[in-house]
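To start, the structure itself, in structure tokens.
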Amino acid sequence: RMERAACRSAPWRFVARRVVLPWALQGVRPAGRVLEIGAGSGAMAAELLTKFADVTVCATDFDEAMVATAKRRLAQFDGRVECRQADATALPFEDNSFDIVLSWIMLHHTLRWEDSLQEAVRVLRPGGRLVAYDLLGDPAVPFMRRTDHDGHRYIHFDELRAVLGDLPLEAVDIRRGKGGIVVRFNAVATG
């Protein structure tokens with residue numbers, strides 16, 4: 001409940017627009033068909049659609065309540081957006097369906113986040129880009145282990161590097177964020 005409330009709040013929308021989206025995109029300019037996995041309330045998708053007029057977005061989330069909230073928030077972008085319930089570990093899309101796949105602070109909500117990354121790469125067209133950021137659970141961030149609970153599995157930097165290295169990706173760029181609490185990464189699908 002707390003996460004839902006935070007994702008729906010006006011302060012989060014402001015932070016998403018002004019700080020998080022530019023930082024999360026890592027200099028990548030989205031174009032074409034975009035999949036956002038774990039879109040929550042649609043705050044980041046709304047900012048993306050506002051900033052980049054040449055994208056269409058499929059915003060997905062596992063939680064039906066969040067999908068309903070995103071549909072309401074994104075209704076103004078009719079024709080450029082679709083909101084769907086989807087399990088990140090078994091995406092309901094054909095191979096090579098998207099030009100870019102985005103994941104913003106969602107992976108740690110998935111016990112099998114490796115499967116989510118594999119699915120993200122599967123639905124990317126060759127040359128498409130995976131762009132994401134998430135929370136780290138490395139020893140450098142001990143408070144994360146205290147908040148770990150059912151339904152969450154925090155990412156460890158070396159584990160993420162190994163998983164991305166095993167996927168059909170090139171130009172993999174993985175960076176810890178300030179303070180070592182988050183990790184940003186992006187890569188290009190080789191097909």
Side-chain angles (χ1 to χ4, degrees), residues 7 16-17 20-135 155 160 163-164 167-174 183-191:
C7 288
R17 175 184 319 117
V20 180
L21 184 62
W23 176 83
L25 286 173
Q26 305 168 55
V28 173
R29 197 225 179 269
R33 191 164 184 228
V34 177
L35 172 64
E36 184 181 351
I37 301 172
S41 67
M44 293 289 279
E47 299 309 322
L48 192 73
L49 288 158
T50 299
K51 187 169 182 167
F52 302 103
D54 58 343
V55 300
T56 59
V57 174
C58 181
T60 66
D61 202 277
F62 187 76
D63 184 333
E64 288 281 3
M66 292 303 249
V67 173
T69 299
K71 281 181 182 179
R72 287 189 299 277
R73 169 175 278 147
L74 301 172
Q76 66 182 314
F77 300 102
D78 189 38
R80 294 182 51 216
V81 68
E82 172 187 12
C83 297
R84 292 181 62 170
Q85 190 281 334
D87 180 341
T89 64
L91 293 170
F93 306 108
E94 299 289 324
D95 295 358
N96 309 316
S97 297
F98 294 93
D99 297 299
I100 188 166
V101 174
L102 307 173
S103 173
W104 312 132
I105 209 158
M106 178 284 302
L107 291 172
H108 73 278
H109 290 280
T110 307
L111 293 175
R112 295 183 347 254
W113 56 259
E114 301 92 332
D115 295 347
S116 298
L117 289 174
Q118 186 172 1
E119 280 292 280
V121 173
R122 178 187 66 78
V123 301
L124 272 174
R125 67 167 176 74
R129 191 172 286 270
L130 170 65
V131 180
Y133 82 95
D134 216 295
L135 297 173
I155 294 169
L160 176 63
V163 169
L164 292 174
L167 292 170
L169 296 167
E170 62 187 12
V172 177
D173 184 18
I174 309 168
V183 62
R184 295 188 305 170
F185 55 97
N186 73 79
V188 176
T190 59

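In this chain, numbering begins with 1 at the start of the sequence shown.
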Looking at CE of Met44 and OG of Ser103, how far apart are the two atoms once the value is rounded to the nearest 0.5 Å? 10.0 Å
With a 4.5 Å heavy-atom cut-off, do Leu107 and Leu160 have their side chains touching? no
Between Asp54 and Arg29 (salt bridge meaning N to carboxylate O under 4.0 Å), is one present in this structure? yes
With sequence neighbours left out, what residues match Leu35 under side-chain contact (heavy atoms from CB on, under 4.5 Å)? Ile37, Cys58, Thr60, Leu91, Phe93, Phe98, Val101, Val123
About how many Å separate CD of Gln118 and OG1 of Thr89, when rounded to the nearest 0.5 Å? 10.5 Å
So do the side chains of Val57 and Phe77 get within less than 4.5 Å of each other, counting heavy atoms only? no
Is there a side-chain contact between Leu25 and Tyr133 (heavy atoms, below 4.5 Å)? no
For the CZ atom on Phe62, are there more than 12 heavy atoms of other groups (residues, nucleotides or ligands in this structure) within a distance under 6.0 Å? no
Gap separating the CD atom of Glu47 from the CG atom of Leu21, nearest 0.5 angstrom: 7.0 Å
Assess the residue pair Trp113 and Val163 against the criterion (side-chain contact (heavy atoms from CB on, under 4.5 Å)); give the C-alpha distance rounded to whole Å, side-chain angles, the decisive distance to 0.1 Å, and a yes or no. CA-CA 10 Å; Trp113 56 259; Val163 169; 4.0 Å; yes
Sub-3.5 Å donor-acceptor pair from the side chain of Asp61 to the main-chain atoms of Met66, do we have one? no
Using only atom types and a distance under 3.5 Å, with no angle test, would you say the side chain of Arg129 pairs donor to acceptor with the backbone of Asn186? no
Report yes if some heavy atom in the side chain of Leu135 is under 4.5 Å from a heavy atom in the side chain of Ile155; otherwise report no. no
Does the side chain of Asp99 reach to within under 4.5 Å of the side chain of Val55, using non-hydrogen atoms? no
If we only count heavy atoms from C-beta on, is the Leu169 to Phe185 side-chain gap below 4.5 Å? no
Please tell me if the side chains of Leu130 and Leu164 come closer than 4.5 Å, counting only heavy atoms from C-beta onward. yes
Salt bridge (charged side-chain N to carboxylate O under 4.0 Å, His left out) partners of Arg33, counting only residues at least two apart: none
Heavy atoms of other groups near Glu170 CD, more than 12 under 6.0 Å: yes
Has the side chain of Arg184 got a donor or acceptor atom that lies under 3.5 Å from a matching backbone atom of Gln26? no
